[in-house]
Number of protein chains: 2
Amino acid sequence: MKEVLPVFNSAVSIDCVLFGFDGGELKILLIERNEEPFKDWWALPGNLIGEDESVEQSASRILHELTGLSDIYMEQYYTFGEVNRHPQGRVITVAYYAMLRLGGDKALKPLTSYAKKAQWINVKELPKLGFDHQHIFDKGLEKIKRRIKHLPIAFELLPEKFTLTQVQNVYELILGKKLDKRNFRKKILSFGVLKELNEKQKGVSFRAATLYKFDRRKYAKLFGKEISF
Amino acid sequence: MKEVLPVFNSAVSIDCVLFGFDGGELKILLIERNEEPFKDWWALPGNLIGEDESVEQSASRILHELTGLSDIYMEQYYTFGEVNRHPQGRVITVAYYAMLRLGGDKALKPLTSYAKKAQWINVKELPKLGFDHQHIFDKGLEKIKRRIKHLPIAFELLPEKFTLTQVQNVYELILGKKLDKRNFRKKILSFGVLKELNEKQKGVSFRAATLYKFDRRKYAKLFGKEISF
DNA sequence: ATTACTTAGTGTAAAAAATACACACTATAT
DNA sequence: ATATAGTGTGTATTTTTTACACTAAGTAAT
């Protein structure tokens, strides 16, 4: 027999701030809604959780439905629970940020029906968002600004092989400020989690930079000693 | 007309890790449950949210019911959403840590019926807890270990007037390690958010220490420049 | 093949912050 | 007066952070 208590007292949803870096700009994936409320508005991708999935599984599922990809890096960062944040009733939403390597032109899979389309949009040029999604985004950006100083999340935005300049670009975009090239390289190499490859950047019309990759094994080994950028 | 969508899909609760410092030890307030499930077990104080209160209001209410006090310092830190974390059904819980000045022997208010009693228990000697509350506690402690390095939360645990040794005790208990006295004092005074009082500790049988208080105005002014302990 | 262009890659000195470390002072109790 | 227990203080060393500018390498255009 399935017990009946405790009684459901809310709808719970997930909203995702999915970041992508296309080589020049920091973007997030927004959807244009096809349903009330906020029909035709832009919004963060999100959905109600299923009754048989954990909050985390739900976030994974939503990202999968949106992109067709699994194993997208994501972390929960806050739960928004104002009574009237959803015009149709009580919805508490658990927010995740997520990060994706762009460029391999990942065609987005057909979207779930509540969205007309999805589009990568520069975080500096966000349209007006439905619900309290601007606020959710702001908190998410704030969160990764903090976390990028301690955690190697920048590499989740970069292709497997990347140049140090690309890493620096990601840091500068997230932190919103310029960094000194020499100091940045010194610091990021000093952690010993980047592996220099015997390979150069291709297809550029200037001196090709050395490629590196993030060494997850070494990072795991050093994990106790926390990274501080 | 009240719309009916979206439909409730979960129970949502709040759980609180309420920290207290009694001069020597770091404690949390646990309750002994009077109801199934986990009747007679120790657990974190918590409850279902009301349908007309925000998540934050709900946490405030729970702390108020438990202690009779308002304006307890608290912060949300994580939402636990495993499907089977509650044996009687789907309950997603939003966790808060909170901090309270002890010592002024705050008699705890009569508890809500689901608890037999509440008791302050040393974090180093926690009993077995019901649900996934040990895990929730562990994450909470981890969180404040991080946050105490950036935010002035130690002062929430201390009386209005305190000695530098008391501050150091709080830091040592939360961080779980000894700190150098001279370096600690140098550092904590360098932020300029403590105000030295013309007043000494009383009732001790040795040289009385100078009392200080936390200057919230100055802290607010310097807020951009983040504190780093 | 020369030149122009664009980004890659590198070192050092100065300043600031973190660390390690030990003893005299003072209030009380006996 | 003396024993006791916690208060309060300074300096030298090491480490980390910051500021700063030029040469090297590859491509493209002529």
Tell me: NZ of B:Lys178 to P of C:dT19, nearest whole Å? 17 Å
Whole Å only: how far is the CZ atom of B:Phe184 from the C1' atom of C:dA17? 17 Å
In whole angstroms, how far is the P atom of D:dG8 from the CD1 atom of B:Ile188? 14 Å
For A:Glu156, salt bridge (Lys or Arg N to Asp or Glu O under 4.0 Å) partners two or more places apart: A:Arg101, A:Arg216
B:Arg185 CZ to C:dC21 C1', in whole Å, measures 16 Å
Base, sugar-phosphate alone, or nothing: which one does B:Thr163 contact when heavy atoms must sit under 4.0 Å apart? nothing
NA contact type, B:Thr210, heavy-atom cut-off 4.0 Å: base, sugar-phosphate, or nothing? sugar-phosphate
If we ignore angles and hydrogens, is there a donor and acceptor under 3.5 Å between the side chains of B:Tyr77 and B:Arg147? no
State the CZ-CG distance between A:Phe137 and A:Asp15, to the nearest 0.5 angstrom. 13.5 Å
Could you list the residues that satisfy side-chain hydrogen bond (donor to acceptor under 3.5 Å, both in side chains) with B:Glu199, not counting sequence neighbours? B:Lys161
Just to verify, which of A:Phe214, A:Phe155, A:Phe21 counts as forming a ring-ring contact (aromatic ring centres under 6.0 Å, His included) with A:Phe162? A:Phe155
Is it the case that atom NZ in A:Lys143 sees more than 12 heavy atoms from other parts of the structure closer than 6.0 Å? yes
Nearest whole Å is fine: how far is C:dA17 P from B:Phe191 CZ? 10 Å
Ring centroids only, cut at 6.0 angstrom: are A:Phe38 and A:Phe131 within range, meaning strictly under it? yes
Using residues 172-180 of chain B as the side-chain source, report each donor-acceptor pair under 3.5 Å to any protein atom, sequence neighbours left out, with the distance given to one decimal.
residue  : atom : partner  : partner atom : Å
B:Glu172 : OE2  : B:Gln168 : NE2          : 3.0
B:Glu172 : OE2  : B:Leu179 : N            : 2.9
B:Asp180 : OD2  : B:Arg182 : N            : 3.2
B:Asp180 : OD2  : B:Asn183 : N            : 2.8
B:Asp180 : OD2  : B:Asn183 : ND2          : 3.3

Protein-to-nucleotide contact annotation, 5' to 3' order, nucleotides 11-16 of chain D [B base; S sugar-phosphate only; - none; under 4.0 Å, heavy atom]: B-----
Between atom NZ in A:Lys202 and atom P in D:dG26, what is the gap in whole Å? 13 Å
What does nucleotides 22-30 of chain C look like as a protein-contact string, B for base, S for sugar-phosphate only, - for none, at under 4.0 angstrom between heavy atoms? B--BBBSS-
B:Leu164 CG to D:dT7 P, in whole Å, measures 9 Å
Euclidean distance, atom CD of residue A:Glu196 to atom C1' of C:dT10 [Å, nearest integer]: 13 Å
Can you sort out the partners of A:Leu189 under side-chain contact (heavy atoms from CB on, under 4.5 Å), two or more places apart, ordered by chain and number? A:Leu164, A:Leu194, A:Tyr212
